[in-house]
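Report on one structure; see the data block that follows.
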Amino acid sequence: MRHAIRLDGFALALRPVERADAAFIVQLRTDPHLCYYIHPTSPDVADQEAWLDRYFVREGDYYFVVEQKASGEREGLAGIYNVNAEGTCAEWGRWILRPGSMGAIESALLVYTVAFEQLGLEEVYCRTMIENKQAVSFHRSCGLEERTILPKYLRVGMNEYDAIEQYLTRARWQFCRHKLSRHAERIARRAFTARGAQG
Amino acid sequence: MFPSRLFWRPGLDHREIEQGVCEVFSTVLERKIPTGEPVERSSEPRWDSLKHIELVFSVEEKFDVQFSEQEMATLDALSKMVDAVRVHLETRDSA
C-alpha cells in the first residue's frame with residue numbers, strides 16, 4: 001500500500017518503494033548471486049511496474065527501499081506484509097541487498113523498529129527456504145525463534161522447497177535490539193568515516 | 001561478549017596469528033575449529049551476516065587492528081582473515 005513511513009538509522013534508512021524503483025527491484029531480484037532462495041521474479045520491468053500498481057492498493061503491505069542516508073544510493077529492499085486483521089502480526093521479507101552490502105544488520109534493525117514501534121505489531125515472522133542456511137542462521141542470531149516447517153512452500157521451476165517460519169515477539173525484541181543496534185552503529189561509524197575521508 | 005583479550009605482541013608469526021583467529025572462530029561459530037581447517041563463509045552454515053560482523057570485530061580486538069569497510073566485505077574465509085591480520089601487523093611492525 002502507499003505509505004509514508006520513513007525511518008533513519010545510523011548509515012541506512014528505509015523509505016517507501018516508488019514505481020520508479022521497478023528497474024532496481026528487477027535488477028536485484030534477478031541477480032543470479034541473490035535470487036536462488038527467493039520467489040522467482042519476471043525480468044520484465046513492465047511486469048514489476050504492474051506488480052507495484054497492485055501493491056499500491058493492497059492493504060497491510062509495506063514495501064521499503066533500503067538506502068544509504070548520506071548519498072541516497074539504494075542498498076536493497078525489504079517489506080512488511082500480510083498484516084493480520086487484528087493488526088498485531090505480520091510477515092516480513094522481500095529482503096534483498098546488493099552484492100557486497102554490509103547492510104544486513106542495520107536493515108533488519110530498521111524493519112523491526114518499524115514493525116514494533118511504528119506499526120505497533122506484537123509479532124513479526126519470516127519464512128525462509130531451509131536450504132538458505134545462512135539466512136536461517138542470521139534470523140536465529142537476531143533472536144528469532146522457530147515455529148514450524150512449511151513443506152513445499154517455494155516453487156522454483158519444477159522444484160519445490162521447504163521453508164522454515166521464524167518469529168520475533170515484541171517482548172523478545174526488547175532484548176535483541178541492543179545487539180543489533182550496537183553492531184549497526186559500529187559498522188556505520190566505520191563506513192561513514194571511510195566515505196568521509198574519501199571526500 | 002567478544003572472545004578477545006589482546007593477543008597481539010610484536011613479531012607474531014603466521015602460526016600464532018592463525019591460532020588466534022581460530023580461537024575467535026571457534027567461539028563465534030560455536031564449534032571447535034582446529035588450526036589448519038579450511039573455513040569459508042560460503043560453506044559454513046553458521047557464518048551468517050551477524051556472525052560475520054562478530055568475527056571481524058573480535059579479530060580486530062584480539063590483534064588490535066582495524067579492517068576497512070572494503071576489507072570487511074572480502075574476508076569470507078578464515079585464511080583470508082589470517083592473511084589480512086598478518087599484513088596489518090607487518091605494516092604496523094615495520095612502521
Side-chain angles (χ1 to χ4, degrees), chain A residues 10-12 33-34 36-37 66 68 70 75-76 95-109 112 128-144 164 166 176-198, chain B residues 1-6 24-33 37-81 83-85 87-89 91-92 95:
Chain A
F10 301 107
L12 301 178
H33 296 104
L34 304 177
Y36 186 78
Y37 295 114
V66 180
Q68 296 178 18
E75 193 79 359
W95 187 40
I96 187 167
L97 300 171
R98 63 170 181 78
S101 172
M102 297 294 290
I105 295 171
E106 184 164 15
S107 60
L109 172 71
Y112 291 129
T128 308
M129 195 191 300
I130 287 178
E131 289 192 353
N132 192 355
K133 291 182 170 60
Q134 292 184 351
V136 173
S137 175
F138 177 84
H139 292 309
R140 190 180 298 129
S141 296
C142 288
L144 276 68
I164 184 169
Q166 296 165 289
C176 302
R177 62 190 297 185
H178 297 295
K179 180 169 74 171
L180 292 185
S181 184
R182 189 170 64 246
H183 289 336
E185 184 180 20
R186 193 167 170 178
I187 294 168
R189 205 182 314 135
R190 186 80 53 91
F192 178 79
T193 301
R195 293 194 188 113
Q198 292 168 6
Chain B
M1 177 186 67
F2 294 125
S4 46
R5 54 181 174 79
L6 189 58
V24 169
F25 272 64
S26 295
T27 301
V28 174
L29 298 182
E30 299 173 332
R31 69 177 184 85
K32 179 61 179 173
I33 297 174
E37 177 181 327
V39 182
E40 296 183 356
R41 186 173 180 178
S42 60
S43 57
E44 180 67 38
R46 294 181 184 179
W47 191 339
D48 57 54
S49 300
L50 189 56
K51 292 281 173 31
H52 181 71
I53 295 305
E54 291 178 351
L55 286 168
V56 170
F57 289 164
S58 296
V59 167
E60 286 184 337
E61 289 176 6
K62 195 170 189 74
F63 293 96
D64 193 24
V65 297
Q66 182 164 306
F67 302 120
S68 67
E69 182 194 7
Q70 290 75 20
E71 282 180 298
M72 289 169 67
T74 65
L75 297 173
D76 57 2
L78 187 150
S79 60
K80 289 184 181 179
M81 216 168 286
D83 289 342
V85 169
V87 169
H88 276 266
L89 293 181
T91 300
R92 183 170 65 203

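Proteins get letters first, then strands, A, B, ... in listed order; numbering begins at 1 in each.
Looking at heavy atoms from C-beta onward, B/Glu54 lies in side-chain contact with A/Lys179 at the 4.5 angstrom threshold.
Checked against ring pair (Phe, Tyr, Trp, His ring centres under 6.0 Å), A/Phe138 has the following partners two or more places apart in sequence or in another chain: A/Trp95. Residues meeting the side chain to side chain contact (heavy atoms under 4.5 Å, CB included) test with A/Ser141, sequence neighbours left out: A/Ser137, B/Asp48, B/Leu50, B/Lys51.
With respect to the salt-bridge test (charged N to carboxylate O, under 4.0 angstrom), the residues A/Arg140 and B/Glu30 do not qualify.
Taking CE from A/Met102 and CD from B/Glu69, the interatomic distance works out to 7.0 Å, rounded to the nearest 0.5 Å. Atoms CD and CZ, from B/Glu60 and A/Arg186 in turn, are 6.0 Å apart once rounded to the nearest 0.5 Å. To the nearest 0.5 Å, the span separating CD on B/Glu44 from NZ on A/Lys133 amounts to 11.5 Å.
B/Phe57 approaches A/Arg190 most closely through the heavy-atom pair CE2-NH2, 3.6 Å.
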